[in-house]
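The structure appears right after this line, and notes come after that.
The shown structure was predicted, so the numbers you read here are calculated from the model rather than taken from an experiment.
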Amino acid sequence: MKQAASALAAEAVDMLGEQPVAPSTLVVGLIGPGNNGGDGLYALSQLEDQGYATAALQCASSVHSEALSVYESAGGRIQPLSKGAETLSKATLIIDALYGLGYRSGAELPLIPRNSRVLACDLPSGLDPETGVADDKVLLAERTVTFGAMKSGLLTGDGPLATGDITVVPLDFDFTGQAPQTNLVDKQAALELLDAHRSWRDAGRHKYQRGVLGLIAGSSLYPGAAQLTARAAVNCGIGLLRTHVPEDVAALLAVAVPETVPLDDDQIREALSSARRYVHGRGAKISAWAIGPGLDSRTPPTGAIAEVFASRQPAVIDASGLELVPAGPSEQPRVLTPHAKELRMLLRRAGVTVTIEEIAAAPIRWTRWAALAYNAVVLLKGPTNYIVAPDGSSLVVSHTAPQLATAGSGDVLTGILGYLLSDSSLTGVNGVQTVSNRRMMELAACAAVIHGEAGRAAAACGTVNASRLIELLPGVMKRFGF
């Protein structure tokens with residue numbers, strides 16, 4: 001408990017960021033029964049020892065007696081919550097140490113001043129630790145320090161909206177006899193995954209070796225989507241972008257993204273033929289595909305698009321492309337990137353009827369159904385991103401920003417992932433091999449992390465839109481080693 005309290009106190013000091021301690025600083029702990037309240041009292045004791053002014057508000061009939069004794073010995077004082085309104089109003093930082101894992105729906109939650117800075121102990125009070133369903137009066141946290149391991153409720157449902165930044169403190173728990181249901185990919189994990197196949201020789205590559213992406217996108221109805229995806233791929237650092245768009249979109253694209261090279265149906269077939277001839281050493285002109293942003297989904301997947309679907313070159317398929325991609329067995333390594341409504345459509349096409357509410361309640365379960373039905377990696381977009389392979393393995397990305405829910409944001413993600421799939425130094429594939437589903441999953445997760453990092457950077461500067469994300473991509477990509 002004291003180890004957990006030390007981590008909690010250190011996070012509080014980091015949030016306050018005041019050296020030396022300002023006289024007006026007041027840290028208030030909301031203290032519940034049991035061990036969670038004990039963590040909070042021990043953390044307040046350590047803050048008292050460091051010179052911070054603290055106060056504890058007792059929110060239950062009893063509190064952890066040993067922790068309370070230590071806190072009072074350090075000079076702290078505790079009072080009933082009912083008498084603490086003035087104390088709460090003066091709080092610089094509130095430590096939420098009410099329920100932790102012990103929260104049950106309907107439990108009483110205190111009212112705190114609006115815009116309070118809150119540090120949650122283990123998880124925000126009012127949030128179900130398993131389902132991520134939050135009470136309307138949940139104590140929204142700026143940061144959460146959780147102990148032992150990540151709880152599913154922090155990443156699912158309302159969790160990402162209630163937790164703020166999450167720090168996992170492993171403590172000394174022994175998890176050797178347990179296997180995680182899924183794995184979290186954060187910024188550090190993404191950096192490690194991206195570095196997996198990199199080499200010092202990468203600096204000497206020419207443009208064709210730095211990734212050639214084929215983009216099939218755009219329509220008269222949605223001419224902007226193709227431009228957003230193209231600009232995103234170029235700003236990520238693609239070696240060459242080749243674009244297959246309608247004639248009336250091509251002129252706009254040539255102005256918006258002059259680095260692109262047009263690609264007609266015959267050239268697509270030639271590129272696919274070149275890819276097949278790679279077996280005989282003649283090389284491929286396109287290393288991956290991005291299909292769907294702004295396409296007219298009323299057009300059946302015939303001709304060049306159907307031939308791309310039949311190829312063995314990796315592809316990210318988004319937006320209207322999801323309405324065209326065939327279900328069932330395929331040799332093409334694919335990542336499908338639906339949001340919840342599009343996932344429902346994909347499942348319905350595969351003969352599975354499900355509601356949006358059911359998807360929200362069990363996102364990994366229904367994403368697995370789609371991954372199986374389409375023999376593809378599926379990235380379910382939302383406040384938390386779920387990436388699932390046909391074998392059932394899964395990754396989770398919560399490194400995102402709520403402001404990413406804006407028009408065109410998904411098109412930017414498609415450009416980022418298209419670039420990652422096209423770069424052989426990231427896929428680890430040269431020659432006749434195809435990209436494994438595991439690597440497709442990892443790169444999809446990395447794209448989601450990069451996308452989230454761009455969203456955070458944009459939100460820090462003001463409002464967020466897709467064009468702003470694209471402008472920030474070069475700087476974000478540099479932070480990921482590009």
Side-chain angles (χ1 to χ4, degrees), residues 105 127-134 150-163 179-185 291-292 297 309 315-330 332-400 402 404-405 409-410 413-414 417 437-438 440-445 447-449 451-452:
S105 180
L127 180 70
D128 188 294
E130 296 183 2
T131 66
V133 175
M150 186 70 73
K151 284 76 177 176
S152 58
L154 296 174
L155 302 176
T156 57
D158 300 315
L161 304 178
T163 57
Q181 294 181 346
T182 189
N183 289 289
L184 175 70
V185 178
I291 303 171
S297 59
F309 284 150
V316 50
I317 302 169
D318 183 39
S320 298
L322 297 171
E323 300 181 44
L324 304 177
V325 64
S330 168
Q332 183 183 48
R334 295 174 181 155
V335 180
L336 312 183
T337 59
H339 51 60
K341 186 176 179 181
E342 291 168 333
L343 182 65
R344 181 183 63 177
M345 176 273 296
L346 286 170
L347 290 168
R348 185 175 297 164
R349 287 180 54 210
V352 178
T353 300
V354 63
T355 65
I356 297 294
E357 292 72 23
E358 288 172 324
I359 290 172
I364 292 181
R365 175 190 179 189
W366 295 112
T367 306
R368 279 192 179 130
W369 274 97
L372 278 169
Y374 288 83
N375 190 35
V377 171
V378 180
L379 189 166
L380 176 60
K381 297 181 292 192
T384 295
N385 296 282
Y386 303 93
I387 303 101
V388 182
D391 67 359
S393 56
S394 56
L395 301 173
V396 171
V397 173
S398 62
H399 186 83
T400 183
L404 282 172
S409 177
L413 176 62
T414 298
L417 181 50
N437 278 333
R438 181 67 198 179
M440 296 283 281
M441 279 182 64
E442 292 171 350
L443 291 177
V449 171
H451 189 240

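- Rounding to the nearest 0.5 Å places NZ of Lys381 at 6.0 Å from CG of Leu413.
- Under a 3.5 Å cut-off, the side chain of Ser394 and the backbone N or O of Thr182 do not form any donor-acceptor pair.
- Atom CD1 in Ile291 sits 12.5 Å away from atom OG in Ser320 (nearest 0.5 Å).
- Partner of Val377 under the side-chain contact (heavy atoms from CB on, under 4.5 Å) criterion, chosen from Leu336, Leu443, Asn437: Asn437.
- For the pair His339/Ile359, no side-chain contact is recorded, criterion being any heavy-atom separation below 4.5 Å from C-beta on.
- Judged by distance alone, with hydrogens and angles left aside, the side-chain atoms of Tyr374 form a donor-acceptor pair with the main-chain N or O of Leu346 at under 3.5 Å.
- The shortest heavy-atom contact between Gly292 and Ala319 is O-CB, 3.8 Å.
- Here the closest heavy-atom approach between residue Val335 and residue Ala444 is recorded as CG1-CB, 4.1 Å.
- When every heavy atom of Ala445 is checked against every heavy atom of Val185, the shortest pair comes out as CB-CG2, 3.9 Å.
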Show your reasoning for whether side chain to side chain contact (heavy atoms under 4.5 Å, CB included) applies to Arg344 and Lys341. CA-CA 5 Å; Arg344 181 183 63 177; Lys341 186 176 179 181; 3.9 Å; yes
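- When all heavy atoms of Gly452 and Leu404 are compared, the pair lying nearest together is CA-CD1, 3.8 Å.
- Side-chain atoms of Ser330 and Asn375 include no donor-acceptor pair closer than 3.5 Å.
- With contacts defined as side-chain heavy-atom distances shorter than 4.5 Å, the pair Arg334/Phe309 qualifies.
- Between Leu347 and Glu358 there is no side-chain heavy-atom pair separated by less than 4.5 Å.
- Looking at Ser409, its side chain never comes within 3.5 Å of a backbone N or O of Ala405 through a donor-acceptor pair.
- Scanning both residues, Leu395 and Met441, for their nearest heavy atoms gives CG-CE, 3.4 Å.
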Output, in order, the C-alpha distance, side-chain angles, deciding distance and verdict of side chain to side chain contact (heavy atoms under 4.5 Å, CB included) for Lys151 and Leu127. CA-CA 11 Å; Lys151 284 76 177 176; Leu127 180 70; over 6 Å; no
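- Nearest heavy atoms, Thr337 versus Glu342: O-OE1, 4.0 Å.
- Between Arg348 and Met345, the closest side-chain pair of non-hydrogen atoms is not below 4.5 Å.
- In this structure, the side chain of Asn385 does not engage the main chain of Ala448 through any donor-acceptor pair within 3.5 Å.
- Note that the CH2 atom of Trp366 and the OG1 atom of Thr355 stand 8.5 Å from one another [nearest 0.5 Å].
- For the side-chain contact (heavy atoms from CB on, under 4.5 Å) criterion with Tyr386, the lone passing option out of Leu343, Leu379, Thr156 is Thr156.
- A distance-only check finds no donor-acceptor pair linking the side chain of Thr384 to the backbone of Ser398 [under 3.5 Å].
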